[in-house]
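First up is the structure itself, then whatever we jot down about it.
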Amino acid sequence: MALYNSFMPSLAFAVLAPFFFVVLFICKKSNNHKSNKNLPPGKMGLPWIGETMEFYKAQQKNLVFEKFLQPRIAKHGKIFKTKLMGSPTVVVNGGEANRFFMTNEFKLVISSWPSSSVQLMGKDSIMEKQGEAHRFLRGVIATSLSGVGLEAILPKMCRLIQIHLDKCWHGQEKIYLYRVTKILTFTIVFECLLGIGVAGGVLGKFERVLEGVFALPFEFPGSKFSRAKRARKTIEKMLIDVVRRKREEMEGGLDVGEEEGMLLSRLVAGLIRGEISEKEVVDNVVLLVFAAHDTTSFAIAMTFRMLAHHPHCYSSLLQVSYSLIYPRKLTARVLWTAYGTHYSEEYFREPTTFDPKRFQEPVQPYSFIPFGGGPRLCAGNQLAKLNILLFVHYVVTRYNWSLLHPDEPITTDPLPFPSRGMPIKISHKL
């Protein structure tokens, strides 16, 4: 089991590093508008847009650290000023900065999101909540995604993965891994957490919304944001119907199993007790669907990419996976870790090298935090790791596989994804 315990943090290190190495904090100094003496070094760039174009160019190539941050850190240090999206911005990096922001949420720090993200994910979702409202919603979500909650849905997750492999992999010679895993992770979220069957076209609607979450929030015909808003309205209408049916079932005393849509059941129970509104239920379901499936499917794709590039890791993983077949009950161990400053040699030796063994030794506090920390710790981190481990286990014990494009570029729009969908060649093991 040591391989699993070291492999999962290393995977998160490779996959999630681009997202979390920096915190952007808008500086507003109400008492002193005349002096810039206390501001860190840096350049503000062009009028209004600042260095936004440089930032987005690096983001599209999934090279924000290498092309945007690293040169400025080398020149100005871990803390520097710039201007992004029209706002004066201080960029901070490092373990001490991570500790400060994670221990001061709701105190000295308030999280904020772009307007387009808030409108599409929902103004009443947990990402916009502060204080007691945030704690209540997090408690409902975390209970559903705790060890006990995941144990309840584990058998169904296993069945869904096996059904997926039989339907989408069996008899095929080539599949597009990223696309099929998106379908699988989406199905797991809908059926295991929400108790909803996946109707045709629903995934496409959610993908259309995702396209607009970081777009400019202007609604004109044909824009990404306009298309995303229309898709969001369709999804909201569908979910309102689902929530109202669930409420009728629960108020009518119908026997709905705890494991069938347990997260939705707990949210609706809060609605019945008057603790949250119908809109809060819908907005949080929308957010959680995105949070629980899209990044997980990318992490799965990157898992196979890393295993293909590092055969010795794959050999070790196979030995562990086969050892889990013979006991009738599959046991998947998961390890909670958090995210951090992954590219810094101050914290990690050869940080860009995929090395699962690095996590067999303790790392510095607040240096590795791929799932956040403090009150904003990702409530679904155990679900994501369990999802990845189960899928990898079933695939490597059933199929031989190889990447068709080992050096396939990773692009970003708005989240990272394999530019060709990561096609792999497969054959069923005898």
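This one's a predicted model, so the numbers in the text were calculated from it and none came from an experiment. Along the sequence shown, residues are numbered consecutively beginning with 1.
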With a 4.0 Å cut-off, would you call [X] and [Y] a salt bridge?
X      : Y      : answer
Glu207 : Lys182 : yes
Arg99  : Glu96  : yes
Glu54  : Lys57  : no
Arg245 : Glu249 : no
Arg244 : Glu278 : yes

* Asked: Hey, is the main chain of Val140 close enough, under 3.5 Å, to the side chain of Arg266 for a donor-acceptor pair?
  ->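 Not at all, since once roles are kept as given, no pair shorter than 3.5 Å links the two residues.
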
- Hey, mind stepping through Asn400 and Lys425 against side chain to side chain contact (heavy atoms under 4.5 Å, CB included) and telling me if it holds? CA-CA 8 Å; Asn400 298 305; Lys425 182 179 180 181; over 6 Å; no

Met44, CE atom: more than 12 neighbouring heavy atoms under 6.0 Å: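 Counting neighbours around CE of Met44, more than 12 heavy atoms of other residues, nucleotides or ligands fall under 6.0 Å, so yes.
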
Give a yes or no on whether Lys229 atom NZ has more than 12 heavy-atom contacts from other residues, nucleotides or ligands under 6.0 Å away.
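Atom NZ in Lys229 is crowded, with more than 12 foreign heavy atoms closer than 6.0 Å.
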
Please list, one pair per line, the donor and acceptor atoms closer than 3.5 Å that link side chains of residues 212-226 to other protein atoms, with sequence neighbours excluded.
residue: Ser223; atom: OG; partner: Phe218; partner atom: O; Å: 3.2
residue: Ser223; atom: OG; partner: Phe220; partner atom: O; Å: 3.0
residue: Ser223; atom: OG; partner: Ser226; partner atom: N; Å: 3.0
residue: Lys224; atom: NZ; partner: Asp413; partner atom: OD1; Å: 3.0
residue: Lys224; atom: NZ; partner: Asp413; partner atom: OD2; Å: 3.2
residue: Ser226; atom: OG; partner: Arg230; partner atom: NH1; Å: 3.3

Non-neighbouring partners of [X] that pass salt bridge (charged side-chain N to carboxylate O under 4.0 Å, His left out), sequence neighbours left out:
X      : value
Glu173 : none
Arg349 : none
Arg208 : Glu211

Looking only at heavy atoms, which two atoms of [X] and [Y] are closest? And how far apart?
X      : Y      : answer
Lys67  : Ala58  : CB-CB, 3.8 Å
Ile141 : Leu263 : CA-CD1, 4.0 Å
Pro423 : Glu408 : CD-OE1, 3.9 Å
Leu267 : Ile276 : O-CD1, 3.2 Å
Lys156 : Cys192 : CG-SG, 3.9 Å
Leu264 : Lys246 : CD2-CE, 4.1 Å

Can you confirm whether [X] sits close enough to [Y] that some side-chain heavy atom of one is under 4.5 Å from a side-chain heavy atom of the other?
X      : Y      : result
Ile235 : Val289 : no
Leu154 : Leu390 : yes
Ile153 : Leu150 : yes
Ile410 : Arg305 : yes
Val282 : Val242 : no
Tyr176 : Met422 : no
Lys83  : Ile49  : no
Val286 : Glu236 : no

Requested in this report: If the plane angle is over 60° it's perpendicular, under 30° parallel, otherwise tilted; pick one for Phe55 and Phe68.
Outcome: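 Plane angle over 60°, so perpendicular.
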
| side chain to side chain contact (heavy atoms under 4.5 Å, CB included) between Met157 and Leu383, intermediate numbers included | CA-CA 10 Å; Met157 288 179 67; Leu383 173 65; 4.2 Å; yes

**Report entry** Audit row: Trp401, Val396, side chain to side chain contact (heavy atoms under 4.5 Å, CB included) steps and yes/no
**Finding:** CA-CA 8 Å; Trp401 58 275; Val396 300; 4.2 Å; yes

Residue pairs fulfilling salt bridge (Lys or Arg N to Asp or Glu O under 4.0 Å) with at least one residue in residues 114-127, sequence neighbours excluded
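Qualifying pairs, neighbours excluded: Asp124-Lys129, Asp124-Lys279.
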
Value rounded to 0.5 Å, distance of [atom1] in [X] from [atom2] in [Y]:
X      : Y      : atom1 : atom2 : result
Arg247 : Leu271 : CZ    : CG    : 4.5 Å
Thr411 : Lys61  : OG1   : NZ    : 10.0 Å
Ile188 : Thr296 : CD1   : OG1   : 9.0 Å
Thr234 : Leu239 : OG1   : CG    : 11.0 Å
Phe190 : Leu160 : CZ    : CG    : 13.5 Å
Phe304 : His309 : CZ    : NE2   : 13.5 Å

Can you give me every donor-acceptor pair (side chain of residues 164-171, partner residue at least two apart or in another chain, under 3.5 Å) with its distance?
residue: His164; atom: NE2; partner: Trp169; partner atom: NE1; Å: 3.1
residue: Asp166; atom: OD1; partner: Arg398; partner atom: NH1; Å: 3.4

Before you tell me yes or no, could you show the steps for Leu288 and Val189 under side chain to side chain contact (heavy atoms under 4.5 Å, CB included), namely the whole-Å CA-CA distance, both residues' side-chain angles and the distance that decides it to 0.1 Å? CA-CA 9 Å; Leu288 291 165; Val189 172; over 6 Å; no

I need the single residue from Lys81, Lys43, Arg72 that forms a salt bridge (charged side-chain N to carboxylate O under 4.0 Å, His left out) with Glu51. Which is it?
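With Glu51 as partner, salt bridge (charged side-chain N to carboxylate O under 4.0 Å, His left out) holds for just one option, Arg72.
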
